Amino acid sequence: MSSFKLAVAFFVLAASTPASSQAIEGKTPKGIAYRYQRVAAGENVAVYFGWRYGSPDEVMERALLSYVVPAMTFGAGGESKDTIDRKLRELGVTWGTYQPLERTVGGYATFERPKLDQAAPLLAQIVQKPNYTAKDLDDRHKKVLIPFREKFNREPLNQLQFVQFAVNLPDFADRSRWAPLSEAGIKSPSREKLVEWHNATLGRSNLIVSVAGNLSEGDAGSFVDRVFGALPSVVEPPPLPEPSYKGLNKVIKIERNVPQVYVRLYGVLERDDDPIKTAALVIALGAFGNGNESNLYKALREELGAAYSTSAGSFAISPHLNLMVATVQFDPEKAAVGIERLREEYRKLLENGIDEAMVKHETDRLLAPTNPQSGLVARIATNNLAVALRGLPVNTPAEIRKAYMNILTEQINELIMEHMPKTTTLVVIAPASVMIKADCTIKSYSDTAKCGF
Amino acid sequence: MDCDTAPTRLPLLGRGLPAVGRTLAKINAPRFDFCSFFVQATLAQHLPFQSDQSQSCELIICNLNKAMTLAVGRITVFETGPILPGGAAAALEPKRTRVGDAFVGLVLSAVLLPLLGAVEAAALNAKLSNGVLLQTVHPAPAAEVAIRLLVPVGGRNDPRGREGLAHYVEHLLAADPGPLSATSSDGALRLSAHGYANAYTWPTATVYVMNVGQDSLESALSLLAERLSRLAASDAIAERERRIVQQEYYLRYGDNPGLRFLAELRTKIGRTDPMLGWNIGTPDSIRSFDLSSAQVFFDRWYRPETMTLVLSGPLDIENVREVAERTIGLIPQRPAVLRDAGPVPPVPAPVVLERDDPDAAVPMVLRNLFVRAAAGPAQKVIAEHAAMLALQYLLMGLKEGSKGLLATLRDSRKDLHSIDAEITRLDRRWLVLGMSVEADPAASRNAIADLVTKRLASLTERDVPDRLITEIRNLADRTWIAAEDAPNADDVVDWLRLGFSLNERSQLHAALISLKKKDVVAFAHKVARPDTSATGFLRPSR
């Protein structure tokens with residue numbers, strides 16, 4: 001029996017021991033900044049990349065951004081979209097684009113390691129020689145962006161965000177990727193303009209590439225140079241000016257005939273390079289409102305029966321600012337009392353902190369092993385890229401993980417009381433019939449200026 | 001290679017080699033010296049194997065018995081003995097249930113069974129005294145025990161007008177009492193007291209889910225047994241959960257005009273055959289729920305003799321049956337009632353609805369095409385299931401091959417913004433092709449509604465790439481055959497909830513391996529002529 005237990009313990013150890021090494025930062029021979037992390041298990045490789053850019057014309061820039069990276073796969077190097085698509089499929093390359101942080105544009109490619117050498121020239125072709133044909137740009141405008149804009153701007157949770165940015169981040173609202181999409185913002189630019197912007201913006205000197213997988217650092221660096229090395233050296237843009245957060249203790253109601261009441265509680269968290277503080281605030285937010293064991297869930301679902309679920313977390317809006325958000329969708333009949341309870345639970349968090357059991361639950365969750373391996377490499381690569389773009393030390397994720405293991409409840413509670421936002425803005429979408437004590441009531445997010453805060 | 005005893009050498013032959021090799025590579029992880037434990041694979045050629053290289057691959061096992069034990073997490077699997085390549089052991093008969101994980105299953109099926117006889121195996125598939133079927137699963141290393149209790153009752157059993165009742169009962173049983181509980185929150189344990197807990201309702205089954213540490217298995221099963229022994233919710237809890245189910249509906253579907261409309265369509269067609277209905281109900285049906293209707297439903301359908309308990313992870317295989325008997329085995333049996341759902345419902349007439357919705361951003365065509373599944377011998381049923389899996393690949397496109405049919409359709413028309421379609425099995429009787437298309441306002445809606453069926457009707461073998469058949473063969477290599485070989489408990493539950501038995505799973509590998517292009521084409525033609533359908537035309541209104 002003991003040998004069986006030993007075997008089980010062995011396997012448990014094997015399952016829970018991270019199969020990855022530490023992240024490393026460096027520059028390739030062609031001068032491209034990279035983050036590399038070896039993941040010893042499996043064959044998957046994830047490559048995430050982001051360019052930093054700067055521009056005085058936000059609307060024009062948004063329009064360009066809606067096309068520049070996605071349109072790379074509309075054909076490249078004289079080959080058609082179908083040909084490029086087929087080549088990507090044949091190599092099993094998953095390709096996509098996203099904006100890792102404000103004033104950045106980037107994408108990702110994932111594939112299996114044996115395809116590394118074949119993927120490199122194809123991705124180089126896509127990145128360096130996009131066709132940007134007028135027909136493809138027009139198709140993207142009509143088939144993708146027009147319907148997307150319609151959906152994006154109607155989404156209730158997005159509307160809460162539009163209002164919140166207008167109220168709390170007034171100098172950032174119109175140029176945020178969380179602002180409503182305008183017609184001008186999705187208009188197809190001319191091919192010439194796009195190519196010009198591409199050549200002026202997507203260089204190798206303002207690029208960071210993050211690679212994770214079961215490959216050597218040398219192979220990763222060589223791959224990065226083969227894909228991106230021929231890009232021009234461009235002038236590094238100045239750092240993004242940090243937005244100033246206007247802390248307001250207000251409730252804003254958007255009146256709309258919706259079947260549920262949508263509520264978001266917002267606050268701002270200054271970025272800190274101290275991993276203990278970062279870990280403490282992540283744990284605190286999770287314990288406050290994220291998932292079935294959180295205080296909000298117990299209060300709003302189990303006690304009041306007012307909501308199906310709750311969520312809470314934070315996300316980066318600039319290199320130095322994180323936005324804290326707690327989201328709940330309420331039963332209209334219980335919305336008023338639910339909102340009061342939400343605010344009360346937040347006050348309790350600030351006053352009392354969290355208990356030992358909550359800390360254990362959250363740290364167990366945060367430290368749980370990740371499966372499967374394909375998800376693991378993507379998560380590592382994207383985290384390392386985000387850390388790099390925010391200018392944080394390369395070992396930040398490892399240090400935060402260490403902090404999760406060692407942090408004490410008292411430390412967390414001290415940091416909650418010191419650093420969690422004291423002022424919060426609550427934005428609500430509810431029918432007129434739902435009585436909510438609001439500081440300002442508007443009919444649409446586009447009326448936010450009427451609140452006059 | 002250092003072995004305490006003389007090593008066993010096995011030549012690895014046949015098509016199953018890539019999967020065997022992959023799994024060997026997996027367990028022979030570079031950070032661990034498995035040979036110093038029990039096993040080492042010597043692979044003369046690295047993966048993937050070619051069939052003509054098969055002779056160069058040799059598996060060397062220091063102690064077969066312990067190796068198997070390690071791999072599957074159990075004590076006694078096989079008596080080891082001299083192994084004579086070439087099948088001398090074919091004369092040995094298995095004495096008890098074959099056991100193994102994905103790795104062992106592949107090894108057994110491809111290599112060992114012809115060479116070995118299974119002598120002693122732990123009882124892993126057993127009926128508890130109250131009739132609950134216990135099935136253990138032995139995946140690759142897992143830190144926690146996964147508990148899945150499947151009750152074969154779901155949306156198809158909802159009474160007419162009370163669609164969503166099965167889901168409501170699941171809420172009443174799994175919900176944590178909270179401060180509303182008559183016994184107060186400190187007296188009543190949360191279902192998650194020992195780890196993660198959740199529950200799901202499908203049209204055919206309700207599954208109660210827990211993930212717990214090995215030491216908490218018995219207390220977790222006790223708690224689950226207590227919850228499933230009686231419906232103990234108070235009126236206050238019943239009302240709270242009714243509201244929460246309503247909120248869940250809005251959270252999952254109510255925000256999305258397309259899904260909202262689809263719920264309406266499916267509820268309408270489900271009035272004739274509940275299997276085709278909408279699982280969670282609608283705001284109207286949810287409003288009708290109360291404790292007494294839930295009690296009647298619970299008493300009728302929650303019967304231990306129909307339940308399956310699936311456990312996976314680090315299990316103490318010698319004691320797990322006793323532990324299950326002491327806990328889940330105590331769920332009381334109930335006096336026999338007529339459980340028969342009555343005669344098979346007639347095939348519903350097609351439903352077509354139009355809707356103007358201010359929340360819709362673009363015109364949409366939503367279609368659910370219902371196709372009666374093949375009946376008869378398991379071989380035929382599973383062969384069709386394999387063809388269905390292949391058709392789904394064809395629709396979506398192959399990862400390393402040709403573009404999918406859907407992408408081709410989208411790219412061939414200027415008036416299509418997007419098209420999604422997926423074919424799945426609802427149960428033994430029904431398959432469904434769900435389709436959603438966004439189009440220009442000027443597009444012909446009828447032409448768009450028929451887009452996929454027309455394409456499927458015209459499909460020929462030339463449209464089925466060789467690569468698809470290769471992908472299906474690869475899928476066969478990866479698929480589990482016996483429940484204990486499944487990668488996790490959820491895979492077993494997913495199979496059972498389709499209405500298949502565990503025995504029928506053994507047919508799937510052969511069905512996938514023997515699938516031909518003509519089978520895929522024949523199946524596509526069948527789907528192109530659905531037995532009934534629900535179609536909705538959604539238009540944005542301002």
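Nothing here was measured: the structure is a model prediction, and the numbers come from that model. Residue numbers begin at 1 in each chain, while the letters A, B, ... track the order of the sequences.
Salt-bridge formation is detected for the pair B/Glu438/A/Lys151: a Lys NZ or Arg NE/NH1/NH2 atom is positioned less than 4.0 Å from an Asp or Glu carboxylate oxygen. A salt bridge between B/Glu241 and A/Arg301 is present, with a side-chain N of the basic residue lying under 4.0 Å from a carboxylate O of the acidic one. Note on A/Asp85 versus B/Lys403: no salt bridge recorded, every NZ/NE/NH1/NH2 to OD/OE distance being 4.0 Å or above. At a threshold of 4.0 Å, the pair B/Arg240-A/Glu302 does not count as salt-bridged, since none of the basic side-chain nitrogens sits closer than that to a carboxylate oxygen.
In terms of heavy-atom pairs under 4.5 Å with chain A, the best-connected choice from B/Asn198, B/Val362, B/Leu251 is B/Leu251. The greatest number of non-hydrogen atom pairs below 4.5 Å with chain B, out of A/His361, A/Glu333, A/Arg86, is found for A/Glu333.
Annotation: side chain of A/Glu293 is in contact with side chain of B/Arg190 (closest heavy-atom distance under 4.5 Å). The shortest distance between side-chain heavy atoms of B/Asp255 and A/Leu157 does not fall below 4.5 Å.
With rounding to the nearest 0.5 angstrom, the OH atom of A/Tyr308 is 9.5 Å from the CD1 atom of B/Ile244. In this structure, OH in B/Tyr196 is found 12.0 Å from CZ in A/Arg365, a value given to the nearest 0.5 Å. For the atom pair CG (A/Asp139) and NE2 (B/His417), the distance works out to 10.0 Å, reported to the nearest 0.5 Å.
Only the side chain of B/Arg252 has a heavy atom closer than 4.5 Å to any heavy atom of chain A. Contact of B/Glu239 with chain A is not made at all, since no heavy-atom distance falls under 4.5 Å. Looking at A/Asp82, the atoms closer than 4.5 Å to chain B (heavy atoms on both sides) all sit in the side chain, from C-beta outward. Proximity to chain B is limited to the side chain of A/Lys334, based on heavy atoms less than 4.5 angstrom apart. Only the side chain of A/Tyr262 comes within contact range of chain B, with at least one heavy atom under 4.5 Å from a heavy atom of that chain. Contact of B/Asp440 with chain A is not made at all, since no heavy-atom distance falls under 4.5 Å.
The environment of NZ in A/Lys360 is sparse: at most 12 heavy-atom neighbours from other residues, nucleotides or ligands sit within 6.0 Å.
The two residues A/Asn292 and B/Ala197 have their closest heavy-atom pair at ND2-O, 4.4 Å. Minimum heavy-atom separation, A/Arg256 to B/Asp359: NH2-OD1, 4.0 Å. Scanning both residues, A/Lys143 and B/Leu416, for their nearest heavy atoms gives CE-O, 3.0 Å. Of all heavy-atom pairs spanning B/Ala361 and A/Pro147, the tightest one is CB-O, 4.5 Å.
Between the side chains of B/Gln247 and A/Gln329, no donor-acceptor pair of N or O atoms lies under 3.5 Å.
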